[in-house]
Every structure is written in structure tokens, then in C-alpha cells.
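Numbers restart at 1 for each chain; the letters A, B, ... are given by sequence-line order, proteins then strands.
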There are 2 protein chains.
Amino acid sequence: MAHVPAQERRKQFVEAASRVISEKGVSGATTRAIAQEAGAALASLHYVFNSKEDLLVELVRWAADFNQNVIAETPLPAGSGVATAARTILLMWRSVERPLVFSQFDILLWSMRTELTKNESVLLYERMVEQFGNLLEHAATPKERKSLDFKRLAVRLIVICDGVQFGTLCAGPDYISDAEVVDMFDSVIKTAVKT
Amino acid sequence: MAHVPAQERRKQFVEAASRVISEKGVSGATTRAIAQEAGAALASLHYVFNSKEDLLVELVRWAADFNQNVIAETPLPAGSGVATAARTILLMWRSVERPLVFSQFDILLWSMRTELTKNESVLLYERMVEQFGNLLEHAATPKERKSLDFKRLAVRLIVICDGVQFGTLCAGPDYISDAEVVDMFDSVIKTAVKT
DNA sequence: GTCTATAAAGCGATAGAC
DNA sequence: GTCTATCGCTTTATAGAC
């Protein structure tokens, strides 16, 4: 293997770990399997990471960043309305490839049981609620902005995203259609009003 | 350890495995940890199970049965209306203790990657949709029975259950309130009409 | 059906040459 | 920064006495 800067090598190992986990789970993700997937020697992994746990912690953060970016990069014109915005987010969310979703759920469960990453993952959810809420509020019409509770709306959107993702992972791509997902959220918008 | 019939020992190991997985995940669930949790010698585990995989397969089925029973044992008077029925199911679902939910998600992800159990888990979701649908239809008023699409409704209910469970696991018990969950499903009922 | 002891394989991590 | 080779430990699984 050619020489590669340590910074870049780290990224290669993290992405390799994600692919291995998507296939075999965290329980099957050995350092040997990850190194092979990255096309590097086992010793190279320990050259750039102090331990296997360090690598997984970086994967947790990489996965969290990925999620944040999926949302941040969603194009949402201001004033286009909450329904349109939610539709865009939902479909963007669903377009993430199955293997990646698989590893995301697995590594998230792992992080919840790891002292070093537990709090970060809890914070990830809080930040996601905030981010979704801001996005929806930004896209809302003036009338919607006055009446809707955007934090409630954000939680509802995430609940639907998670439920759809997990169900689709288990039951297959025909579990629920795009139109049905959008329809579900449309129904849920109307009652998320300020109290 | 006293002599215990093999049939009963199997159950003890399966339940011990569930507890260990809820704490450490599938990746941390070693045969030694499971045997210790069950209060038995490691050799006893291999006396009643051919392999560790066999034990996990039985755990997958045990978890699936548990889910089916949670639903089956939910008391739902006929004609009480879909909203009441859904409310009862949602709250029943949420009452499952956190450690059990934790291990259920973990073992379900594991089963999806295991050739022997993959198809069973896909079938579990199909059966759940059917079971939820029947339950809701049974509880429906005559008017609802004519207008509502119970399969669509069942999928929506499961999406919300999964999303709420996973989010609560990650973000904590304050992620979403019971009232909000019920309100969400109420909103979603109205638009799940026959096409 | 229980146990202790151990085999055989795989694991994370390191040494040391290049 | 890369590699091969190997250490020390843990893992699953088995042998054999009780």
C-alpha cells in the first residue's frame, strides 16, 4: 500500500468500518476485517488509532456529522410552506442507501452503551430536533409561523423518519411508499399547533 | 447449581442473553457473560445449545413471540373506536421496560444479518401489520369499518411505535410525551381512508 | 445435568525491519 | 508510514470426572 497521510488514512478506516458494520454488525467488525476492507495492514490501523474503541468513537462522530449534513444540504426556499419542506426532508432522508442506514442504527446503539459517546448521542438527538425545527420554521409561511409549534413538529418529523427507516430496513423497500410517508406527515402538521 | 430440566434451562439462558445484550449489546454478549448471568456453568450452555448462534436464534424467536403477545394481550372491546384502540396499543407498547427495548432493537438488527433468521424477521413485520390491522378493525365502529384502510393504518401505527421507541431510547424518556404520541396517531387516522 | 480444566481458534495490540 | 510476524489474552466449544 502506498504512503497516505495519517489524516486521510483515518478517514479510510472510518469509512471501511462503516461498510463492515453494515454487513456484519458491530459484533462482527473486527480490526482485521476493517483493515482488510480499507486495503491496509492491521498495524496501520493501530498506527493512526490508539485502539479499536477510538476508531468506533470517530465513526460515531462521522455518522452524526453525516446526518447533520444531509439536513443542512437540503435545499429549502424560505416561505415555501411547511408541507413542502417536510416532503423534501423526508424524501432526502429516505434516499440514504440501505447499507449506510444499517450501520448508522448499529453504531448508534453501540454509542448509547459506551460511556465516552453516550452523552454525545443524546445531544445529537437534541440538536436534530433544533435543526429540523429551524428548517421548518424558515420554510414556513407567515401564517404558519404564527400558529405552528415547530419543536413539536420537529419531533414528529423525526419520529416518522426513524420509524420509516427502521421498518424499511426490516420489512424491505415495499414497507411504505414515499407518497404514504408524505401523507402521514401532512396529517400530522395540522395538529402541531402552539398551545 | 441444582439440576434443572433442559427445557427450562434453555429459557433461563435465553432470558439471561436478553439481559446481557441490553447492557452490553450483541458484541459484548459472550457465552461466559450469559452463563454467569444465568447462574450456570459455561458448559451447561453448550449442553442445551449446540452453539452460541443457536442460542441467539432462539432469542430472536423469543423476542418475536414477546412482541406478538404484547399486542394479543391488549384488551380491546369491540366497537370502542379506532382512536381508543390505538391509544391503548401505543401506551401498552411504551410500557415495555427500556432494557428490553434495547435488546430487542439489537437482536433484531442481528437477525437481519443472519441467514437463518433474516426471513423470519421480515415475516415478523408482515405479521405485525396484519395483527395490528385486525385489532384496529375489530375495535372500529361500523362507520369507521366502511371508510378506513386498516392495513395503511396498521403500518402508520407501527411507524410511530418504532420511531417513538428508538427516539426515546436515544434521547431519553422526555423525548415525547404519551399525550403527544396519542395526538400524533389521532391526526394520522383521519387520512388513512380507503382509496 | 452439573462441574473444572483445557483445547483450538480468533481477538486487539505491539515489535521491529524496511 | 508501511509491512510481516508474533505476543498475550479472550473467545467458543469440548473432554471427562462426578
Side-chain angles (χ1 to χ4, degrees), chain A residues 1-60 103 106-107 110-111 113-117, chain B residues 1-60 103 106-107 110-111 113-117:
Chain A
M1 197 70 191
H3 278 232
V4 172
Q7 191 79 350
E8 199 173 322
R9 256 279 177 267
R10 288 177 77 91
K11 199 181 149 199
Q12 290 177 353
F13 279 122
V14 167
E15 290 175 0
S18 174
R19 289 193 297 274
V20 171
I21 288 175
S22 77
E23 273 183 30
K24 309 190 199 180
V26 173
S27 62
T30 64
T31 50
R32 281 177 166 80
I34 294 167
Q36 188 178 15
E37 174 70 32
L42 173 59
S44 291
L45 192 154
H46 285 289
Y47 179 77
V48 289
F49 291 103
N50 288 328
S51 67
K52 181 186 175 178
E53 192 181 31
D54 274 9
L55 165 57
L56 291 184
V57 167
E58 191 146 313
L59 174 57
V60 169
S103 72
D106 231 55
I107 198 67
W110 178 85
S111 79
R113 284 188 276 243
T114 305
E115 216 48 56
L116 210 74
T117 50
Chain B
M1 196 71 192
H3 278 232
V4 173
Q7 191 79 353
E8 199 172 323
R9 257 278 177 268
R10 289 176 76 90
K11 198 181 150 199
Q12 291 177 351
F13 279 122
V14 167
E15 290 175 1
S18 174
R19 288 193 297 274
V20 171
I21 288 175
S22 78
E23 273 184 30
K24 309 189 199 179
V26 173
S27 62
T30 64
T31 50
R32 277 178 164 80
I34 295 167
Q36 189 178 13
E37 175 70 32
L42 173 60
S44 290
L45 192 154
H46 281 101
Y47 179 77
V48 290
F49 290 103
N50 287 328
S51 67
K52 181 186 175 180
E53 192 181 31
D54 274 10
L55 165 57
L56 291 183
V57 167
E58 191 147 314
L59 174 57
V60 169
S103 72
D106 231 55
I107 198 68
W110 178 86
S111 77
R113 284 188 276 245
T114 305
E115 217 48 55
L116 211 73
T117 50

Exercise. Run the side-chain contact (heavy atoms from CB on, under 4.5 Å) check on B:Gln12 and B:Glu8 step by step: do they pass?
Worked result: CA-CA 6 Å; B:Gln12 291 177 351; B:Glu8 199 172 323; 4.3 Å; yes
For this session: With the side chain counted from C-beta on, respond yes when B:Trp110 and B:Val60 share a heavy-atom pair under 4.5 Å apart, and no when they do not.
Result: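 Yes, at least one pair of side-chain atoms sits under 4.5 Å.
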Exercise. CZ of B:Arg9 to NE2 of B:His3: how many Å apart, nearest 0.5 Å?
Worked result: 10.0 Å
Exercise. From B:Leu45 CG over to B:Ile34 CD1, what is the distance, rounded to the nearest 0.5 angstrom?
Worked result: 6.5 Å
What integer distance in Å separates [X]:[atom1] from [N]:[atom2]?
X       : N      : atom1 : atom2 : result
B:Phe13 : D:dA13 : CZ    : P     : 13 Å
A:His3  : D:dG1  : NE2   : C1'   : 5 Å
B:Gln7  : C:dG1  : CD    : P     : 10 Å
A:Gln36 : D:dC3  : CD    : C1'   : 15 Å

For this session: For residues A:Val20 and A:Gly28, report the shortest heavy-atom separation together with the two atoms involved.
Result: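 Taking every non-hydrogen atom into account, CG1-O, 4.3 Å.
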For this session: List the atom of A:Leu56, the atom of A:Ile21, and the distance in Å for their closest heavy-atom pair.
Result: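 Here A:Leu56 and A:Ile21 meet closest at CD2-CD1, 4.1 Å.
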Exercise. What string of B, S and - do you get for nucleotides 7-18 of chain C 5' to 3' if you count protein non-hydrogen atoms under 4.0 Å?
Worked result: ----BBBBB---
Exercise. To the nearest 10 degrees, how far apart in direction are the end axes of the helix from C:dG1-D:dC18 to C:dC18-D:dG1, each fit to five base pairs?
Worked result: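 Inter-axis angle at the ends, rounded: 10°.
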For this session: Could you go through the side-chain contact (heavy atoms from CB on, under 4.5 Å) check for A:Val26 and B:Val26 one step at a time?
Result: CA-CA 8 Å; A:Val26 173; B:Val26 173; over 6 Å; no
Problem set entry | Presence of salt bridge, A:Asp106 and B:Arg113, under 4.0 angstrom | yes
Exercise. Phosphate oxygens OP1/OP2 of C:dT2: is one of them under 4.0 Å from a side-chain N or O of B:Ser44?
Worked result: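 Answer yes for this pair, as a side-chain N or O of B:Ser44 is under 4.0 Å from OP1 or OP2.
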For this session: Answer with base, sugar-phosphate or nothing: what part of the nucleic acid does A:Val48 contact at a heavy-atom distance below 4.0 Å?
Result: nothing
Problem set entry | Per A:Ala41 side chain, nearest of listed nucleotides D:dT4, C:dT2, D:dT2 | D:dT4
